[in-house]
Structures are given as structure tokens and as C-alpha cells.
Amino acid sequence: MSTAVAPKGLEGIVATTSSICYIDGDAGVLSYRGIDIHELAANSNFEETTYLLWNGRLPTSEELSAFSAELAAARTLPPAVVNLLKSVPSSATPMEVLRTAVSLLSLYDPDEEDSSHAANLRKAFRLTAQISMIVAIFDRIRKEKDVVEADSGLSHAGNFLWMLNGEKPSVTATRAFDIALILHADHELNASTFAARVIAATLSDMHSAITGAIGALKGPLHGGANEATMRLLFAIDESGEDPVEHVRRMFAARQKISGFGHRVYHTEDPRATHLRRMSEELGMAAGNTKWFDMSRKIEQFVKAEKKLNANVDFYSASTYTTLGIDIDLFTPIFAVSRIAGWAAHVMEQHDDNRLIRPRADYTGPTYPSAYVDMEDRRPGESGSSETA
Ligand SMILES: CC(C)(COP(=O)(O)OP(=O)(O)OC[C@H]1O[C@@H](n2cnc3c(N)ncnc32)[C@H](O)[C@@H]1OP(=O)(O)O)[C@@H](O)C(=O)NCCC(=O)NCCS
């Protein structure tokens, strides 16, 4: 091929135009539709932020009420999906179950065949409500607890905690969770959103795109990093070892520390700033800052030793643990929020579509290589080294 090969992992490649999310990785800026994430974290809620992502502007008070009511009204699941949640093998992880359940949802979605903007918007409401319900209901089922009915009087954040725990959440817990949802709602062309856009660009439907996105989010280099961070904190706590010494040994063994580093940010991930504060405040309110203290020591050491900054996943681990959320729900909870961004990107892709189909720089056996007859092939020989 004559064109230059893109850097490995497409680092630094601008693959599309988008009006949804602006990031300046050098300055540590993240904004949705131009509004800084710090302002949204301080003043907004998940519903308003989702309206912003889907509609390109902040809602009026009436628009926000109508939007929130529509999201709350979408809190229903087809019985077949609840049955799936009851019948998966006990080894199934919440993330695997979420991926499978979202795929199943498409069979019952009234707009499945329709990828018009209006139909996509209706699907976005349903998927946003349903993903949160699937995560909460599956956790209840696997713990052999009664499924909790959705409460249309609660916010998206509050209803999730209610359906998960079966207790009305405190104002502090609801606000902390709401901020976490705002912070995770979108992040430009991260791996799962890119996966969603590639799928949508074939003119496949929103459920297929979101199912693929969940698969991408699951990996430990992406959304799975928050779970890996907490597993590290638990392991250090159990071993009784000094956190800094533990991480020093990991560095010596050339292991990566989950929750650090970022492809785009070369300074502090602006989301980590809020999650660090939330982790500390929630720990103090709960009278247990163990996870925050351990995280802080690790962060200071990693920064000093490797110049790596904590990313969104590092302090979300201790934040969620302090909120009493199980470790294997961390990545599904990422999806509970990121569906807002995924849906916005699928709509943007469908509204102005072109198939995404890049090229590869071929590095295989020389073309043309011989097709070797079966009787002439030898074990271990590729049969393709002779050129015709
Ligand atoms: C996020 C991440 C995948 C970005 O990857 P990337 O842009 O491809 O960067 P690389 O993995 O090539 O890392 C560049 C260098 O920094 C080091 N590095 C990056 N993240 C590191 C980490 N978390 N711990 C230790 N070293 C790390 C790499 O080992 C590499 O060093 P080298 O050049 O000496 O080999 C990477 O930082 C990572 O794996 N982090 C841990 C997982 C994580 O937290 N993911 C969530 C991201 S929001």
C-alpha cells in the first residue's frame, strides 16, 4: 500500500468528526457539547447530562421534566429478559449477562427494524432505563433476593441504588452515584464507542451496536480496569503488605497497574479529580478511609516513579466499594452510564452515515504464494513459502 500506516492502536488518529464530546488531553479538558465536565459534575444530574448528549443543548425546566418522566416510564423489561437473568449458569459474570441481555432485548423492541432518528431516540430511552434495571435485577437474582420494582418517583441514580439494595438510598449516596454517572457518560472515541460506531456504520441497529460496545467495555484495558483496581486493593489488604512495596514489586515484574495511564490524557484525567474527592468524602462519612488512604499512597508512588496519572477507573474502585457495590458490578455500572454516550454516537453515526472500513498494511507471506497440493505439504511447513 502506498499510504502511510497509522500508528499502532490508531494512537492520535482522528477518525471522524463529532459534535458530542471535546477532549484536550494535554490540558486535561473533557466537555460534553462544549460544557466542561467540572461544571456538569457540580451542577447537573444524569438525566440533564443525557439530554445534553442526545439533543446538543441543555433542556429547559419543562423539557427536563418531560425527559426524566420518559426515562422513568421506560423502566420495564420483557419477561423473557428477566427469565434469562434467572436461568444463566452460576459462573456467568454480570458483564457477560448484560451483554447477552441487551442482545435479547432487541427481539422485543418495537422499533428494532427502524434506525430513523426518532426511533433511535426511543430505543435510547429504553436501553438507558433497561441496562440499569438488568444490572440491578441480576444482582438481586444471583443473591437469591426478591426483585425490587422500579420506583418512577426516583431519579435514574436513585432508582438504580433502590433496585440494587432494596432500600431507599441516602441523599449523599444518590448524589455521589449521580456524579459518577455524569463523569462516565461519554468519552469521545474510546474503544467501546468506536466499536459501537463501526457497527452502526454498517446500518446495523442500535441494539447490535450497544451489544458490541458492551463487549469492548468488558476488557481490562477499558472498563474492566476499575474491577482490576479493586482486586489489587483487596489483594494488598489481604497480604498486609505495604501498598507502595507491593506496587514496587509489580513494577519490577513489569506489570501494569490498573487505573493508571491514558491514551489521550497526558495530565490528570479530569474525571479522576472528582472521583478522588468522592472516594475520600464517602470514606470519611462511612468512618472508613482505608481504601482511599491505600489508593492515595499508590497514586503518589506511581506518579513519582512512572509519571503516570490516575485515570477514571482508579478512584471509582474505592468510591463504589465504599458505596457497598460489589466488585463485579463496577464495569456493568460503567455501562449504566456510558449508554448515554453510546446512544448519542450511534444516532450521530446513523444521521450522517458512511461505512467505516479502513485498510490493513499486509505483512503476511509474499503474494502470490503457491497453493501447495495436500500430498506435498509437510508438518510445520506453511506451504506458502514458494512463490508461483
Ligand atoms: C490505558 C492504557 C491502555 C493506554 O495504553 P497505551 O496508550 O497503549 O499506552 P501503553 O500501554 O503503550 O503504555 C505506554 C508506556 O507506559 C507504561 N504504562 C502505561 N500504563 C501503565 C500502567 N497502568 N502501569 C504501568 N505502566 C504503564 C507502559 O508499560 C509503557 O511503557 P514502555 O513504553 O516502557 O513499554 C494503559 O495506560 C493501560 O494499560 N493502563 C492500565 C489499564 C487501565 O487503567 N485502563 C483504563 C483506561 S481509562
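All heavy atoms count here, side chains included; hydrogens, waters and symmetry mates do not. Note that ligands are numbered from 1 as they come in the structure, with each ligand's atoms numbered from 1 the same way. Remember, predicted model here, so these are calculated numbers, not experimental data. Note that the numbering runs from 1 along the sequence shown for the chain.
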Query - Lys143 bridged to Asp326 by N-O distance under 4.0 Å - result: yes
Query raised in the report: Does atom 26 (N) of ligand 1 have any protein heavy atom closer than 4.0 Å?
Result: yes
**Report entry** Geometric N/O contact Phe260 with ligand 1, under 3.5 angstrom
**Finding:** yes
Query raised in the report: Is any N or O atom of Ser258, backbone or side chain, closer than 3.5 Å to an N or O atom of ligand 1?
Result: no
Query raised in the report: Looking only at protein heavy atoms, which one is nearest to atom 35 (O) of ligand 1, and how far off is it?
Result: Arg254 NH2, 4.5 Å
Query raised in the report: Between Ser208 and Asp205, does any side-chain donor sit less than 3.5 Å from a side-chain acceptor?
Result: yes
Query - Identity and separation of the nearest protein heavy atom to atom 42 (C) of ligand 1 - result: Pro220 O, 3.9 Å
Requested in this report: Check Thr229 against ligand 1 and report side chain, backbone, both or neither, counting heavy atoms closer than 4.0 Å.
Outcome: neither
Report summary line: The closest protein heavy-atom partner of atom 23 (N) of ligand 1 is Ile257 O, 2.7 Å
Query raised in the report: Can a donor-acceptor pair be found between the side chains of Arg33 and Asn55 at a distance below 3.5 Å?
Result: no
Query raised in the report: In the protein, which heavy atom is nearest to atom 38 (C) of ligand 1, and how far is it?
Result: Lys256 NZ, 3.6 Å
Query raised in the report: Where is the nearest protein heavy atom to atom 47 (C) of ligand 1: which residue, which atom, and how far?
Result: Asn311 ND2, 3.6 Å
Query raised in the report: Given Gly224, Ala191, Ala228, Gly261, which one has a non-hydrogen atom that is nearest to atom 1 (C) of ligand 1?
Result: Gly261
Query raised in the report: Does the protein put a heavy atom less than 4.0 Å from atom 7 (O) of ligand 1?
Result: yes
Query - Any Lys306 heavy atom less than 4.0 Å to ligand 1 - result: no
Requested in this report: Taking only heavy atoms of Arg263 into account, list the atoms of ligand 1 that are under 4.0 Å away from them.
Outcome: 4 (C), 6 (P), 7 (O), 8 (O)
Query raised in the report: Do you see a protein non-hydrogen atom under 4.0 Å from atom 15 (C) of ligand 1?
Result: no
**Report entry** Worked check of side-chain hydrogen bond (donor to acceptor under 3.5 Å, both in side chains) between His207 and Ser103
**Finding:** CA-CA 6 Å; His207 285 80; Ser103 182; over 6 Å; no
Query raised in the report: Protein heavy-atom contact under 4.0 Å for atom 31 (O) of ligand 1?
Result: no
Query raised in the report: Listed by chain and number, what are the ring pair (Phe, Tyr, Trp, His ring centres under 6.0 Å) partners of His345, not counting sequence neighbours?
Result: none
Query raised in the report: When you check the side-chain N and O atoms of Arg271 and Tyr315, is any donor under 3.5 Å from an acceptor?
Result: no
Requested in this report: Starting from atom 46 (C) of ligand 1, locate the nearest protein heavy atom and write down its residue, its atom name and how far away it is, to 0.1 Å.
Outcome: Asp313 OD2, 3.2 Å
Report task. For ligand 1, find out whether one of its N or O atoms is nearer than 3.5 Å to an N or O atom of Gly259. Result -> yes
Query - Enumerated ligand 1 atoms positioned under 4.0 Å from heavy atoms of His222 - result: 46 (C)
Query raised in the report: Is it true that Arg231 and Asp328 have a side-chain N and a carboxylate O under 4.0 angstrom from each other?
Result: no
Report task. Ignoring angles and geometry beyond distance, decide whether Leu221 reaches within less than 3.5 Å of ligand 1 through its nitrogen or oxygen atoms. Result -> yes
Query raised in the report: Taking everything shown except Glu144 itself, do over 12 heavy atoms lie less than 6.0 Å from its CD?
Result: no
Query raised in the report: Does the protein put a heavy atom less than 4.0 Å from atom 12 (O) of ligand 1?
Result: no
Query raised in the report: Would you say the side-chain atoms of Trp162 pair up with the backbone N or O of Glu149, donor to acceptor, closer than 3.5 Å?
Result: yes
Query raised in the report: Any chain of hydrophobic side-chain contacts (each under 4.5 Å) joining Leu233 to Val312?
Result: yes
Query raised in the report: Quick check: does Gln255 get an N/O under 3.5 Å from an N/O on ligand 1?
Result: no
Query - Member of Leu52, Asn43, Thr50, Ile37 meeting the side chain to side chain contact (heavy atoms under 4.5 Å, CB included) criterion with Ile182 - result: Ile37
Report task. Compute the shortest N/O to N/O distance between Leu308 and ligand 1 and return yes if it is under 3.5 Å, no if not. Result -> no
Query raised in the report: Any protein heavy atom under 4.0 Å from atom 21 (C) of ligand 1?
Result: yes
Query raised in the report: With Pro94, which of Leu329, Val135, Ile333 fulfils side chain to side chain contact (heavy atoms under 4.5 Å, CB included)?
Result: Leu329
Query raised in the report: At what distance is the nearest protein heavy atom to atom 43 (C) of ligand 1, and which residue and atom is it?
Result: Ala225 CB, 3.5 Å
Query - Ion pair check, Glu245 and Arg249, cut-off under 4.0 Å - result: no
Query raised in the report: Between Asp109 and Lys123, is there a side-chain N and carboxylate O pair less than 4.0 Å apart?
Result: no
